[in-house]
Amino acid sequence: MNLQRVDLNLLVHLDVLLREKNVTRASEQLGITQPAMSNILRRLRKLFNDPLLIRSSEGMTPTERALELQPRVRELLSDITQLLEPRTEFRPYTSNRIFRIMTSDYAEATLVPRLVKALRSEAPNVVLDFLTPSDVSYRDMEQGRVDLAINRFNEIPQSFHQVLVWRDTFSCLLSANSPYVNRFNLKNYLAAQHVWVSKTGMGVGFGVNPEKSGGLGSIDQALQRLGQKRHISVFTRHYQMPAMLVANRDLIATLPTRVARMQANNDSIVIKEPPFFIPEFELTMAWSPLLQHHPAHRWLRQLILHVAREVIAEEEAIAPVQDALLDGSLHTQSLKLEEIDPDRQ
């Protein structure tokens, strides 16, 4: 094929078409008429010798070839954008840039306070706008309207870049006056009432169904593998709630260890290791390929990972002291951050 005869603008149109899967919406985004967009789709079909989008009962469905092209076209456009953008150095101390970051409540409780502290000295005029998972869609991220997402992801679009921030385990919070404090075993765990806390998915949240334990997350899935089920009395999406709720003697909250340890100095609460195995989970940072090479964005990603490493190093240093303050039942695990360069993902 003679590349000199190929209009590279077609790739821009293809990217929007594959994202929207709708000729009308694609034309509106690109500021052209629908007939013009239809003509461009015909040219693209001829160029790739494939229909690319096929009408179905659900609208326009991408072909196998289109699904193969989508991440490669997005990456190519990102590289071209980087090539054409003027090379400017990012100066964090004088910058007043706004970074929009989607974070789960867990990330806000454990990572964000340290990140903000680091920014006060390194970039005092930078503004952080934290969004919840319900505020953001994958399309927002894909188009670069959101700089980063820091969350626990079950799945994420193939085109996104991502890096591990850290891993965490689970611990149980219960009242120091709980009847189960000195007999914390699986039988008594199942006899108690429980607080469920989570909100990690993207998009608008909906109420949970207590009867479908498999859809309640890793804790209930772990119990399901044992053929057991806990009795959940309270469902919440905020990690500051469990510490207040377990003041009730019959309630237990099972939540990430880093959140549980925030109550280490609370004499009215006891932290226990779960009486059954729950797999650890990963906190991940993800971003659009459109922002992969942006100097300011690279700086922010590196700062976040630096802060995460500091958090882990401090935990490893104070863990023996914290365990001595507790009731002796919480066996800490060494949670080391993998040495991953976010810009090589």
Side-chain angles (χ1 to χ4, degrees), residues 78 82 88-133 135-136 138 140-154 156-157 159-169 199-202 239 256-259 261-262 280-317 334-345:
S78 176
Q82 180 200 8
T88 57
E89 182 182 355
F90 178 66
R91 295 180 172 84
Y93 194 79
T94 57
S95 174
N96 58 0
R97 180 187 171 99
I98 299 175
F99 289 102
R100 291 185 170 84
I101 306 174
M102 187 285 282
T103 55
S104 62
D105 194 62
Y106 165 76
E108 280 200 344
T110 55
L111 179 66
V112 167
R114 292 295 299 268
L115 174 61
V116 171
K117 182 179 179 181
L119 278 171
R120 301 326 305 147
S121 58
E122 295 197 28
N125 298 313
V126 159
V127 176
L128 297 180
D129 181 11
F130 290 106
L131 308 169
T132 71
D135 296 327
V136 176
Y138 283 126
D140 294 327
M141 287 185 58
E142 189 177 43
Q143 295 177 357
R145 291 198 288 263
V146 176
D147 291 281
L148 290 170
I150 305 176
N151 204 348
R152 294 156 57 187
F153 297 102
N154 293 325
I156 197 168
S159 62
F160 285 15
H161 296 271
Q162 56 182 307
V163 65
L164 174 70
V165 176
W166 61 43
R167 294 188 177 93
D168 202 354
T169 56
K199 177 64 178 84
T200 59
M202 300 281 280
Y239 279 102
T257 298
R258 283 192 173 88
V259 177
R261 283 179 176 166
M262 293 177 181
E280 64 182 11
F281 67 89
E282 296 181 347
L283 182 68
T284 302
M285 177 167 61
W287 61 94
S288 165
L290 291 176
L291 298 169
Q292 165 71 358
H293 303 290
H294 195 287
H297 206 268
R298 287 171 61 95
W299 171 82
L300 179 63
R301 299 194 303 262
Q302 291 164 3
L303 178 65
I304 289 171
L305 287 190
H306 174 73
V307 168
R309 290 187 181 101
E310 284 188 335
V311 170
I312 293 167
E314 289 182 9
E315 285 176 348
E316 291 176 341
S334 179
L335 302 171
K336 294 184 179 294
L337 179 70
E338 290 187 351
E339 294 297 329
I340 301 177
D341 182 349
D343 300 316
R344 292 173 58 190
Q345 300 304 303

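- Between Y138 and F153, the ring planes are tilted. Angles from 30° to 60° get that label.
- A search for side-chain contact (heavy atoms from CB on, under 4.5 Å) contacts involving D129 returns I98, R100, L131, not counting sequence neighbours.
- Partners of S95 under the side chain to side chain donor-acceptor pair (under 3.5 Å) rule, at least two apart in sequence or in another chain, do not exist in this structure.
- Residues forming a side chain to side chain donor-acceptor pair (under 3.5 Å) with R97 (at least two apart in sequence, or on another chain): D147.
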For this session: List the steps and the verdict of side-chain contact (heavy atoms from CB on, under 4.5 Å) for I312 and R167.
Result: CA-CA 10 Å; I312 293 167; R167 294 188 177 93; over 6 Å; no

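- Checked by atom type and distance alone, the side chain of D140 never pairs as donor or acceptor with a backbone atom of V146 at under 3.5 Å.
- When all heavy atoms of V126 and P92 are compared, the pair lying nearest together is CG2-O, 4.3 Å.
- Rounded to the nearest 0.5 Å, atoms CZ (F160) and OG1 (T284) are 13.5 Å apart.
- Among all heavy-atom pairs drawn from V165 and L305, the shortest one is CA-CD2, 4.2 Å.
- Residues passing the side-chain contact (heavy atoms from CB on, under 4.5 Å) test with L148 are I101, M285, W287, H297, L300, R301, I304, sequence neighbours excluded.
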Contacts table for residues 106-123: side-chain donor-acceptor under 3.5 angstrom, sequence neighbours left out:
unit_1, atom_1, unit_2, atom_2, d
Y106, OH, W166, NE1, 2.9
Y106, OH, D168, OD2, 2.7
E108, OE2, T103, OG1, 3.3
T110, OG1, Y106, O, 2.8
R114, NH1, E314, OE1, 2.9
R114, NH1, E314, OE2, 3.4
R114, NH2, E310, OE1, 3.4
R114, NH2, E314, OE2, 3.1
R120, NH2, P124, O, 2.9
S121, OG, A118, O, 3.1

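- A side-chain donor-acceptor contact under 3.5 Å links T257 to the backbone of T169.
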